[in-house]
Amino acid sequence: MIDERARFGKGRPGVQTQTAEELYSKLKEDVLTAPRRVERRGTLPCAFGKGGTCCRVCNMGPCQVVEGVEELKGVCGASAATVVARNFARMVAAGTSAHSDHGRHVAKLFYEAVHGEVPFEVRDKRKLRVVAQAFGVDPNLPEGDLLKELADAALRIFSQQEGEIILTHRAPKPLLEKWRQYGVVPRGVDREVVELTHRTTIGVDQNYKNILMGAARCSLADGWGGSMLATELQDLLLGNPQPIRAKVNIGLGVLRPDHVNVAVHGHDPLLADALAQASYDPEIIEEAKRVGAKGINLSGICCTGNEVLMRKGIPIAGSFIQQEVAIATGALEAVVVDVQCIMQNVVEIAKHFHTAVITTSPIAMMEGATHIPFDEKRALEVAKEILRTAIARFPQRDLSKVNIPDQSVDIVAGFSHEAIMYILGGRFRASYKPLNENIINGKILGIAAIVGCDQYRVNEPIQVELAKELIANNVLVLATGCSATNMAMAGLLSPEAAKLAGDGLREVLEAVGCPPVLHMGACVDNSRILIAATEIVHTGGLGDDIFQIPAVGCAPQWMSEKAIAIGMYFVTTGVQVVFGPDFPTLGSKTVTDFLFYEIENYFNGCWRVARTANEFANIMIDRINGGRRAL
Ligand code: SF4
Ligand code: MSK
């Protein structure tokens with residue numbers, strides 16, 4: 001059932017559930033939380049920074065530049081278009097580096113696992129040969145040789161200096177040819193990120209179009225490189241997600257008063273997987289009992305949460321904007337963080353409770369946190385050490401501060417692209433054919449991806465309202481990241497939510513018992529959408545390129561640079577992408593016009609910006625209808 005308690009408050013900025021509002025209000029007024037900072041600042045963000053026209057790449061600046069005003073060019077003469085394109089490109093490079101460094105970590109671990117140096121092994125043998133082929137490795141090799149060649153091929157995706165990242169060859173042929181025609185096929189992840197950072201330093205690339213084409217190339221190194229690699233190798237090591245029932249918090253309701261509660265937060269599923277294993281260990285459970293708890297209760301925040309939800313059904317405690325309130329329940333013994341999207345303020349909030357903040361990565365340390373480095377060679381041992389630290393905090397829990405709302409909702413997650421094919425086509429005829437047929441016959445109007453973050457400067461349930469509008473118009477919704485968490489909290493990831501769909505979509509969903517919003521994973525797993533789109537093209541009937549599918553993407557509350565990299569690789573892949581509530585190039589009409597309109601002449605995809613759920617829905621449904629007219 002859709003839980004009507006998943007209501008959205010309109011009180012504090014970025015506090016989107018009633019329960020979160022209540023938990024925040026229980027914190028003393030002098031505890032500064034992110035929503036309170038937004039409130040107390042009382043000023044709008046800097047217009048130059050927001051529009052992309054603040055340049056600080058050299059010490060003659062920072063220069064605040066105004067488009068069309070000669071006196072207000074940079075000291076070096078840089079135009080607004082150059083500055084805005086440079087800033088945008090740097091966001092793409094940073095986002096690409098984040099996803100890809102995550103991918104590199106997985107590739108390195110895969111290499112070590114294959115060579116017997118770490119206690120991980122390939123769990124998904126069925127997928128192994130498909131992945132090997134995608135990486136250019138002969139799938140008929142004996143397994144031992146195949147694994148070693150695959151490990152080498154994965155590391156080459158980062159270090160390769162010339163040629164083409166092999167995973168781009170998975171794209172439909174006409175798309176790959178387009179990329180070749182415009183010189184944007186990425187050579188290697190490291191090369192593209194370093195080159196883009198170089199060309200946007202003072203005195204290098206001053207042609208905004210050239211900079212943006214560089215950004216396009218770099219973004220492909222993310223989507224069709226580092227991110228895709230991370231997803232595929234994680235699937236091999238940890239298992240390919242399959243539909244799984246789980247619970248998602250509507251107000252931290254997944255925390256358990258009689259357990260040692262541990263939340264995993266960040267993006268790396270390898271540590272979380274080890275923690276999950278350790279939490280079932282009889283020795284650890286016994287230690288928890290000795291301090292008066294019944295066991296260990298693991299939950300997830302942000303994309304680490306999505307990763308363990310997808311594969312293990314471990315419940316989600318919250319999205320990005322709920323990391324502070326998770327601690328404010330007073331019932332969390334530890335927040336275990338790895339990399340990305342961890343707010344520095346969690347340490348400050350934790351000081352008011354008994355919660356340990358435990359950092360685990362050498363590249364993501366926090367003052368005031370306990371550091372327990374995650375050494376993959378001793379994965380289970382480290383995981384137990386972390387859980388013991390949490391167990392030791394349990395007796396310090398102050399019951400007068402505990403406030404666990406009894407609110408959670410049932411969902412179904414775990415829709416890898418393979419799982420979607422099985423559901424639609426059946427185990428022995430796994431295929432997108434039924435989906436394509438239902439798009440062609442009009443029961444399904446089209447496909448929309450709602451991805452990306454949530455954030456404290458938006459106080460409207462845009463993702464949820466938008467999803468409902470799209471579903472009602474027979475649009476199947478795919479979701480990843482914190483957007484997926486928000487839609488899960490609103491009950492849209494349960495099969496029962498099919499009743500919110502228009503007649504055509506509802507008929508299709510009810511026949512297979514599917515929710516109208518399919519949770520496809522974490523941020524890096526947007527690459528699953530690229531693979532699914534490619535398979536849809538190869539299945540036939542909807543054209544021979546991705547842009548011909550009546551599909552569209554959006555990130556209604558984007559926050560991280562990673563979202564910009566994701567948006568750019570979708571645009572370069574031929575998809576229209578709508579971002580909101582603002583866009584980082586609006587300080588230059590020249591650059592914005594290029595990204596919103598002219599870029600379509602190259603790659604058939606483009607950007608748009610929208611602010612309300614209604615605006616998003618109108619733009620997206622228009623685009624889908626445009627795609628349908630060409631069917
Ligand atoms: Fe100013 Fe040019 Fe230096 Fe940028 S590169 S800070 S626009 S002088
Ligand atoms: S965690 S990047 S807030 S989706 Fe991937 Fe959520 Fe955005 Fe972080």
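As the structure lists them, so they are numbered: ligands from 1, and atoms in each ligand from 1.
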**OP:** Collect the protein residues that have a non-hydrogen atom under 4.0 Å from ligand 1 and hand them over in chain and number order.
**Re:** Cys55, Val57, Cys58, Met60, Gly61, Cys63, Gly74, Val75, Cys76, Ala78, Arg86, Ile202
Subject >> Expected output: side-chain Arg217 to main-chain Glu192 donor-acceptor under 3.5 Å >> reply: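 Judged by distance alone, no pair lies under 3.5 Å.
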**OP:** May I ask you to decide if the ring planes of Phe594 and Tyr208 are parallel, tilted or perpendicular, using 30° and 60° as cut-offs?
**Re:** perpendicular
Original post:
Parallel, tilted or perpendicular: which describes the rings of Phe579 and Trp607, with under 30° parallel and over 60° perpendicular?
Top reply: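 Rings of Phe579 and Trp607: perpendicular, as their planes differ by over 60°.
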Counting each atom of ligand 2 from 1 as listed, which ones have a heavy atom of [X] under 4.0 Å away?
| X | result |
| --- | --- |
| Met559 | 3 (S) |
| Cys482 | 1 (S), 3 (S), 4 (S), 6 (Fe) |
| His267 | 1 (S), 5 (Fe), 8 (Fe) |
| Cys302 | 1 (S) |
| Cys453 | 2 (S), 3 (S), 4 (S), 7 (Fe) |

Original post:
How far apart are the C-alpha atoms of Asn345 and Glu324, what are their side-chain angles, what is the distance that settles it, and do they pass the side chain to side chain donor-acceptor pair (under 3.5 Å) test?
Top reply: CA-CA 8 Å; Asn345 210 40; Glu324 292 177 323; 2.7 Å; yes
**OP:** Could you grab the distance from atom NE2 of His371 to atom OG1 of Thr360, nearest 0.5 Å is fine?
**Re:** 7.5 Å
**OP:** Could you grab the distance from atom CD of Glu469 to atom CD1 of Ile471, nearest 0.5 Å is fine?
**Re:**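 Here the rounded value is 10.0 Å.
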**OP:** Assess Gly452 for proximity to ligand 2: is some non-hydrogen atom of it under 4.0 Å away?
**Re:**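 Checking ligand 2 against Gly452, which is what was asked, there is a heavy-atom contact under 4.0 Å.
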Original post:
Which heavy atom of the protein is the closest neighbour of atom 8 (Fe) of ligand 2, given with residue, atom name and distance?
Top reply: Cys341 SG, 2.2 Å
Subject >> Nearest option to atom 5 (Fe) of ligand 2, as decided by whichever heavy atom of Cys523, Ser483, Gly266, Gly95 sits closest >> reply: Cys523
Subject >> Evaluation steps, salt bridge (charged side-chain N to carboxylate O under 4.0 Å, His left out), between Asp235 and Arg528 >> reply: CA-CA 11 Å; Asp235 280 359; Arg528 293 190 199 279; 2.8 Å; yes
Subject >> Ionic contact status for Arg104 with Asp190, cut-off 4.0 Å >> reply: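 Yes, this pair counts.
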Subject >> Salt bridge present between Asp205 and Arg86 (N-O < 4.0 angstrom) >> reply: no
Subject >> Side-chain donor-acceptor contact under 3.5 Å, Ser588 with Glu67 >> reply: yes
